[in-house]
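For reference, the structure discussed in these notes is given below.
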Amino acid sequence: MNETTSNNISVDFIRNMIIEDNASDRFGGDVHTRFPPEPNGYLHIGHAKSICLNFGIARDFNGACNLRMDDTNPVKEEVEYIESIVADVKWLGFDWQDRFYFASDYFQKLYESAVTLIKKGKAFVCDLSADEMRAHRGSLTEPGKESPFRGRSVEENLALFEKMKNGEFKEGERTLRAKIDMASANIHMRDPVIYRIMHTEHHRTGKTWCIYPMYDFAHCISDSIEKITHSICTLEFEIHRPLYDWILDELELYHPQQIEFARLNLNYTVMSKRRLLELVRGGHVSGWDDPRMPTIAGLRRRGYTPEAIRNFCSVIGVTKFNSFTDIALLEHCLRDDLNKRSMRAMGVLNPLKVVIENYPDDQVEELDAINNPEDPAMGSRKVPFSKELYIDKEDFREVPPPKYFRLAPGKEVRLRYGYFVTCKDVIKNAEGEVVELRCTYDPHTKGGSSPDGRTVKGTIHWVSAKYAIDAEIRLYDRLFTCEDPSCDESREYTEFLNKDSLSIIGNAKLEPSLASAIPGVPYQLERVGYFCVDLKDSKKDNLVLNRTISLKDSWAKIQKAGK
RNA sequence: UACCCCGUGGUGUAAUGGUAGCACAAGAGGUUUUGGUCCUCUUUGUCUAGGUUCGAGUCCUGGCGGGGUAGCCA
């Protein structure tokens, strides 16, 4: 395959539109995007798609991408959210340099634009109440009726709008509306409200304003002010585009192109800010950063890497049709990245004591273990081996099923990086539970291979009982038991919460090197999964690990198929 | 039953009038000191009916199906 054919990787429809715009010199070759979240909640994986799209396009076309807080509704917005958004976008690996903006930065210009519209006879102050306005709006199938205040003179409108601004009216008493067409088939063009009265303090502008612009009015003008070329948003705003265009055309302002794409849906979770907020407020999760949450903060605490998320966003593509992406694809991207970068270690989740009968009582050997078979540069470490060990309960069966390669009475297995051991005896307690295994080891198999060429089918992980460190391990499963918890309108999505989405293991035993496990760094417990130090709850004397994701488990499949 | 958008394997996507490809998932096999990774192979697809064309997933028309829209939310 030559250079040209190998380069013909496909691009999404938005990038294609930009390529066409550049070809026709529509924006003089500029590409300027923006990511415009409303600071009323935490960012989630769906936002990551938009972030990767907007910042990714800027990168691909040598353009720029702004970060803009869409803060036009002070009753919903909080500083905590702004801070989390900034941290999350940064963590994802994107840089807006000095282009950090707020729609509220433009309140004065927005106000002046509204005045311009009034002067052009394209906006009027309306005294209709919210209910009356709804009644005048018509329906999806019937045209609306014009407001009785639609014919006010420019002077009167100007005076009234001034009074609105000066706080002379109560909330809801009056609005400023664009004068467009009450008979339009597009309800958003039926004289939409562009300013409303809110006697609410704004987190940035304080008490300066008591009128606030609506999204449709603020967004297009903000884009215009920032000289955005391509204003990318989700599908539900498609029907708003005629209004976006109308406002900019009437104001004769620089005019970006709005482009809509389908938002991300992931199965076995919910993605709306409203529902995520409810999960937090309802105590169904421990917070916005609960490792089960699809929020960026949750994924980060869970142990996801920015690279995995970015790669996922690239792999899912961008289209205009609504779809549901399989969480398995996200998990694949996660494992793919973690496999390459994770330091390996051994840890036992459900300890079963093993005594190596023929191993000297007080002997300790420091065995060599490879840190990452995928990356020799990560080197090796020493793991202590001694007479008493722990292995995982799952790795022993008194009566092994077919194809079971692990330890069983009379069977020989390899202890990873250790020795071949053979199970000689099984010790049970009064309840008949296996509590200890007596094994022998073959001193000639140090490191895990036998000089006589003998091989074993199974390799299991272990830790030295004497040198192991204790840890709490938190295992996570999907938050919901059904693929689309919000699909059934007659049932609350919370009914589908997975009761077993979190299980805590209090007595895990880890190899001593993990005592210095670094927060924010992924580890693989060999044969078990990927883990990370919990950012919040882990303490020096109380190690807490989150299981980011299990390893793929083909033995589980075999067992399942056998049933 | 208004207007707008959208229909490609199980899922997510590519093919810009010229061989329907990729990834995930699923399944089979191989390698392996992680039942991981890696490698090979297999199954499954253009919503439908017409039309244009030498040739249609692609263009046109109708139907069917899905989504969006009636906040002084974004």
Side-chain angles (χ1 to χ4, degrees), chain A residues 8-13 16 36-38 40 70-73 75-77 126 128-130 133-134 137-144 171-177 184-188 190 192-198 211-212 214-216 218-219 233-242 260 262 264 267 273 315-333 335-336 339-340 344 346 369-370 373-374 403-406 414-418 420 445 447-449 455-461 524-529 550-558 561:
Chain A
N8 68 356
I9 45 161
S10 57
V11 295
D12 57 75
F13 79 99
N16 272 321
E38 183 189 12
N40 67 343
D70 208 351
D71 56 349
T72 56
N73 186 354
V75 307
K76 288 190 172 183
E77 295 148 12
C126 184
L128 256 25
S129 70
M133 204 179 291
R134 192 174 308 118
R137 191 153 37 226
S139 72
L140 294 175
T141 53
E142 300 155 322
E171 260 179 43
E173 218 175 357
R174 282 181 169 78
T175 57
L176 183 71
R177 295 225 260 163
S184 172
N186 183 346
I187 288 179
H188 297 277
R190 317 237 264 229
V193 171
I194 58 177
Y195 260 94
R196 78 287 216 190
I197 297 168
M198 294 177 114
I211 54 170
Y212 292 95
M214 296 288 289
Y215 164 85
D216 286 302
H219 204 90
C233 60
T234 44
L235 246 30
E236 67 270 25
F237 292 103
E238 197 158 34
I239 202 160
H240 294 241
R241 178 151 36 96
E260 311 85 12
L264 171 68
N267 56 10
K273 278 193 201 170
V315 161
I316 56 175
V318 184
T319 66
K320 289 195 74 156
F321 39 87
N322 302 298
S323 59
F324 254 89
T325 297
D326 195 335
I327 189 89
L329 186 54
L330 212 210
E331 294 176 343
H332 163 78
C333 292
R335 289 193 181 102
D336 187 48
N339 175 52
K340 285 180 250 170
R344 312 288 133 124
M346 289 195 283
I370 294 166
E374 303 294 316
K403 293 183 190 167
Y404 188 82
F405 304 146
R406 309 175 188 180
R414 170 167 40 235
L415 295 178
R416 178 78 158 153
Y417 299 125
F420 285 10
T445 58
S449 57
T455 58
V456 289
K457 193 79 175 154
T459 299
I460 63 175
H461 57 278
Q524 183 195 104
L525 294 186
E526 293 208 47
R527 305 208 313 128
V528 181
S550 64
L551 250 30
K552 287 215 299 200
D553 187 352
S554 58
W555 168 239
K557 275 186 188 176
I558 292 168

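Any value given below was found using the heavy atoms of this structure, including those in side chains, with hydrogens, waters and symmetry copies removed. Sequence lines set the chain letters: A, B, ... in the order given, protein chains first and strands last, and positions in each chain run from 1.
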- Message: Ignoring hydrogens and geometry beyond distance, is a side-chain donor-acceptor pair present between D70(A) and H219(A) at under 3.5 Å?
- Response: yes

- Item | Distance between P atoms of rG45(B) and rC54(B) (Å, rounded) | 30 Å

- Message: Using a heavy-atom cut-off of 4.0 Å across all strands, would you classify Y417(A) as base, sugar-phosphate, or nothing?
- Response: base

- May I ask you to verify whether the side chain of E238(A) and the base of rG67(B) hold a donor-acceptor pair under 3.5 Å? no

- Task: Please report, rounded to the nearest Å, how far the P atom of rC5(B) is from the CZ atom of F237(A).
- Result: 18 Å

- Query: Which of these nucleotides, rG71(B), rC73(B), rU13(B), is closest to any side-chain atom of R134(A)?
  - Reply: rG71(B)

- Task: Take atom CG of L235(A) and atom P of rG68(B), then tell me their distance rounded to the nearest Å.
- Result: 10 Å

- Task: Specify the separation, in whole Å, of atom CD1 of I370(A) and atom C1' of rG36(B).
- Result: 14 Å

- R137(A) backbone acceptor or donor facing R190(A) side chain under 3.5 Å: yes

- Query: Which part of the nucleic acid, if any, lies within reach of P37(A) when heavy atoms closer than 4.0 Å are counted: base, sugar-phosphate only, or nothing?
  - Reply: nothing

- The side chain of Q524(A) lies closest to which of these nucleotides: rG68(B), rU34(B), rG12(B)? rU34(B)

- Item | Rounded C1' spacing from rG18(B) to rG55(B) in Å | 7 Å

- Decide yes or no, distance alone: a donor-acceptor N/O pair under 3.5 angstrom between the base of rG35(B) and the side-chain of R406(A). yes

- Is there a stack between F405(A) and rG35(B), judged by ring centres under 5.5 Å and planes under 30°? yes

